[in-house]
Q: 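Pasting in a structure now, in structure tokens, and then I'll have a few things to ask.
What's counted below: heavy atoms across the whole structure, side chains too, no hydrogens, waters or symmetry copies. Just so it is clear: chains get the letters A, B, ... in the order the sequence lines come, proteins before strands, and each one is counted from 1.
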Amino acid sequence: MAPTNQVLIKESSNVRTIILNRTKQLNALSLEMISRLLEVFHAYEEDPNVKLIIMKGEGRAFCAGGDVAAVVNDINKGSWKLGANFFSKEFTLNYLMATYTKPQVSLLKGIVMGGGAGVSIHGRFRVVTDNTVFAMPETALGLFPDVGASYYLSRLPGFFGEYVGLTGARLDGAEMLACGLATHFVPLEKLSLLEDALCKANSGDPKIINSIINEFSNTNPKLKEKSQYFRLKTIDRCFSRRTVEQIISALVSYKKEKEADKNMDDWISWTIQSLKKASPTSLKISLRSIREGRLQGVGQCLIREYRMVCSVMQGEYSKDFFEGCRALLLDKDKNPKWNPSKLEFVSKDMVDRYFAALDDKDWEDLKLPARSNLPVYAISKL
Amino acid sequence: MGRVVDVTLIILLPIFPPYPATPITQLPTIRLLHTVKLNLHNRLLMDSSPPSSSPSSSTSMDRVNFRTQVLSRHLHHHPQTTDLLLPAPCLNYSPPELSNPPPNFDTKSLRKLLDGTSVEEIDYIFNLMIQSTLFCPRERGGKVFIAPDFNQSMEQQREMTVKRIEYLRDRGVFEGWFDKKGPEGDLWRFALAESVSVYDHSLGIKLGVHFFLWGGAIRFMGTKRHHDKWYKPTETYEVKGCFAMTELGHGSNVRGIETITRYDASTGEFIINTPCESAQKYWIGGAGNHATHTVVFSQLEINGVNEGVHAFIAQIRDENGNICPNVRIADCGHKIGLNGVDNGRIWFDNLRIPRENLLNSVADVSPDGQYLTEIKDPDQRFAAFLAPLTSGRVTIAASSMNTTKIGLAIAIRYSLSRRAFSIKPNEPEVLLLDYPSHQRRLLPLLAKTYALSFASNYLKMIYVNRTPQTIKTVHVVSSALKAVLTWHCMRTLQECREACGGQGIKTENHVGHLKSEYDVQLTFEGDNNVLMQQISKALLAEFLAAKKRNKPIRGLGLEHLNKPAPIIPTQLTSSTLRTTQFQTDIFCLRERDLLQRFVAEVSQLQAQGESKEHIFTVTYQTAEDLGRAFSDRLILQTYLDVEATVPAGSLKSVLGLMRSMYTTIVMEEDASFLRYGYLSTNNAAVVRKEVLNLCSELRPHALSLVSSLGIPDAFLAPIAFNWVEANAWSSI
């Protein structure tokens, strides 16, 4: 494959800086980018001259996600299997990063969403900064948090992962550090200095890298006054419930209890609203995915998510993904018509089907590459 | 990129061939496991200057430095190309997943055979426990494990148990406990109770006493007036219940208890009294610190007539936790396990309770003090009264299987990463599970655990679908399986403890500690030996009843007795041993023969004029052999029923392999096969040899079979994963 200019690579002795360069689309991952990333990650693992990988985005975003609009377009033109190819490569890349033998430092400036989280959170070091905005917004799109999110969201404290995954809540850098999605917080003005220092140190030793990042870090960035992270207790209480319906009713009764408390209302109303706006099917499969993911390894998570995403694209039980993309990305009327339209219409049987192997003779489960190494730390540690 | 993936696979494959019967000579080296790379040869040729941290490149490095380097490389998992060239500086951990073939069957489907429709509920409870700091998450070797802190004092452990229950209650876990009806409701309650026990037996027992014993007594022994009053506060833990049956002087013999209750018609109250020290209530879980109410089992004396054992509700503490007047409570003290449960002793000093507190499902006392009952025969009344409490045995049996699974998962995963002794000089040491002797210790227990788990599911199903006609079957099967499964649990834990060597001693590695936590299951809800003898009595009664009616025997799976005795081939072969026909035949033959022997023995003694009671005390040897034979045949039958639901394919073949392992190991281990001649000594030798064949055939599936048990990593132990890193200096 001819090298693409959507992914740039800077070489500095034993350090390789990978730059996502598709600025107009906020660096949304195209199939071309994913293929290129897979290629370089495979190559660097074998290359003794590479010790450290730095990942960053050109322009104001790190990466706004996978280019799902293009995927939907492909599916509409051809078959959902074109989409399957995209996700199979993307998830394989996620797996490679999660089990990588060399350290990856991701500099998360600006937007980090969906697929963008997938190419960074699985790595060893995740550096956030003043303007970082993280979200897994898939349930609003008729999809579910994929790219291994059922692995890393489920490992956040308490039931914060359910909250982030179901509502699509946006987190800032301080919140990401507090919950463990990020490993370091480096002020915006020091970010390029950090990059230079890492290149200069030219080391692949995680301990050395860690101490270099620490030099530039603000170890205790202040959470903003109204940070949702202060709601962790409420989040735990409500998002630990068995079902989406019970989560919503726990939130609603909490809201009633706190009717007098003005501070609380904004956040709780927003939370309830975002659940009501999301695709009911997406909410149910997302909750189950996170709960299963909590008991699985990252590889199993990706294999399961691949089954799910293929079912979503196949559209046999719900076409919410296409409707979501239409309403939010293409027509931009922001008014998706979900079908099934209500949580109670999404039966357990329907949810089960997203977790089963597809009934299609050409389809098969995601085959992850055999890894020669499964070190403990290589599996992202949150 | 596809190329890279493929080549990696190609390199991996020749190194890890399907398991040979003698795998030792083909063992991969430890170094290769870590550094297999596609361009292995190229790099070896071209790498003239290895990285500076390589020990070989620095001749001036002293030994201390060398060790430091080794250790640091070790800890940081920094693969070095030079590893390939150097002799091993020290051991490294390699996950079993790397050295074992991927599952050749669907592990999810196998887990579904174990956990059935409850998978989601079980996993939900696991999720709740893993995510709360109340469950003491600890990081070891890069993984998070949860387990109670057993280093806490008894009082602290008890408080933690309560906090964990409150946490679950506050998440709405118990909502609908009494509302969910039918088999589905029962299965849901079982799933809940079993999954908390996977975390901690104390938690399971504390919950079980409150909901199954106290709640179950209200539900089954009480009537509407009790349901209306007690369901809601029980569900919310406003009322904390316990169950006072056992006394210092009477355990298994419930009908012998000495607590006595009389009725005072002038006030409409019952008066409960502990007449002597041996009548003190003993081992009452929950009574020590927390329970506010109890069900008291007591003789009921009405107008000077003893009407037998009845159950009453009594308050023992007020809402502030103060012990009520006319009640004395003392602690049972520190125990060998289950210290998170507050077992206590209770004395009643003429405690007065309202007449309505009699649990009156089978008998009542009218306000003016008349004893009223539909069931005139006290034996029948007592049986009807206690029958619903079988649920205790069902959960004990099921929980014992979960504990067994934990022990095996830990010991087998450890045996797939721990090595000991080289066969030849300069060869890597051998993985524990590649020793046939180690296989023989663990793999039959694994197969047996699958068999017994299927049987436990069968027990659950006949319990939840019980009808008045099947009560007897439920009683016999629950007695048999409670005994057999809990014995298997303890035996397996002991074997696992030994198989883990010194590591098995550490509390954090569970296998050793679980022994003391679960030892009590051999005793509570019926002493295992007593239960086994009861089975034989029941079988005898069935047999005699059928004979008397001159009709074929039916029920309890005994129909095979109506057919001619099966013929066992004089010369057994490996393939015969693996047929379901032979396996069924020999298990049926053993049961049939032992039942006939038992019948003959009993009738001979009867002819000599001995009393029934005396006869049963002297025929216990045959009775226990028969109890075993009945259980084994039943377990095989339930196994075959499960196997029949699985479509032909790799899962079915591995199930078949485990079935053969189960039947063969029973034949090898139970002396009755040789003692009574179901196997000739020649055939016993064939059986013994077949065990070894089956072990080596199961060996490649060991990891997948353990993964299919469905116990999440967090509930296992550090030695099941990276035990080198878990014990590294940096982790201190």
Q: Roughly how far, to the nearest 0.5 Å, is the OH atom of B:Tyr124 from the CZ atom of A:Arg288?
A: 15.0 Å
Q: Checking heavy atoms, do the side chain of A:Lys367, its backbone, both or neither come under 4.5 Å from chain B?
A: neither
Q: Hey, does B:Asp123 have a side-chain heavy atom less than 4.5 Å from the side chain of A:Arg294?
A: no
Q: What closest approach, in Å, do B:Gln131 and A:Pro157 show between heavy atoms, and which atom pair accounts for it?
A: NE2-C, 4.1 Å
Q: Just verifying a value: how many Å separate A:Phe239 CZ and B:Arg171 CZ, rounded to the nearest 0.5 Å?
A: 13.0 Å
Q: Which heavy atom of A:Arg371 sits nearest a heavy atom of B:Leu98, and at what distance?
A: O-CD2, 3.2 Å
Q: Between A:Arg291 and B:Glu120, is there a salt bridge with N-O shorter than 4.0 Å?
A: no
Q: Does CG in B:Asp179 sit with more than 12 non-hydrogen atoms of other residues, nucleotides or ligands closer than 6.0 Å?
A: yes
Q: Contact part of B:Leu128 toward chain A, heavy-atom cut-off under 4.5 Å: side chain, backbone, both or neither?
A: both
Q: Give a yes or no on whether B:Lys163 atom NZ has more than 12 heavy-atom contacts from other residues, nucleotides or ligands under 6.0 Å away.
A: no
Q: Looking at B:Lys108, I want to see if its NZ is surrounded by more than 12 non-hydrogen atoms of other residues, nucleotides or ligands under 6.0 Å.
A: yes
Q: What part of B:Tyr167 gets closer than 4.5 Å to chain A, counting heavy atoms only: side chain, backbone, both or neither?
A: side chain
Q: Using 0.5 Å steps for rounding, measure from the CZ atom of B:Phe715 to the CG atom of A:Leu295.
A: 7.5 Å
Q: Using a 6.0 Å cut-off, check whether atom CD of B:Glu166 has over 12 heavy atoms from anything other than its own residue.
A: yes
Q: Which region of B:Val144, side chain (C-beta onward) or backbone (N, CA, C, O), has a non-hydrogen atom less than 4.5 Å from a non-hydrogen atom of chain A, or is it both or neither?
A: neither
Q: Roughly how far, to the nearest 0.5 Å, is the CG atom of B:Asn127 from the OG atom of A:Ser154?
A: 7.5 Å
Q: I'd like to know if B:Glu175 and A:Arg242 make a salt bridge, using a cut-off of under 4.0 Å between side-chain N and carboxylate O.
A: no
Q: Minimum heavy-atom separation for B:Asp170 and A:Arg241, please, with both atom names.
A: O-NH2, 3.0 Å
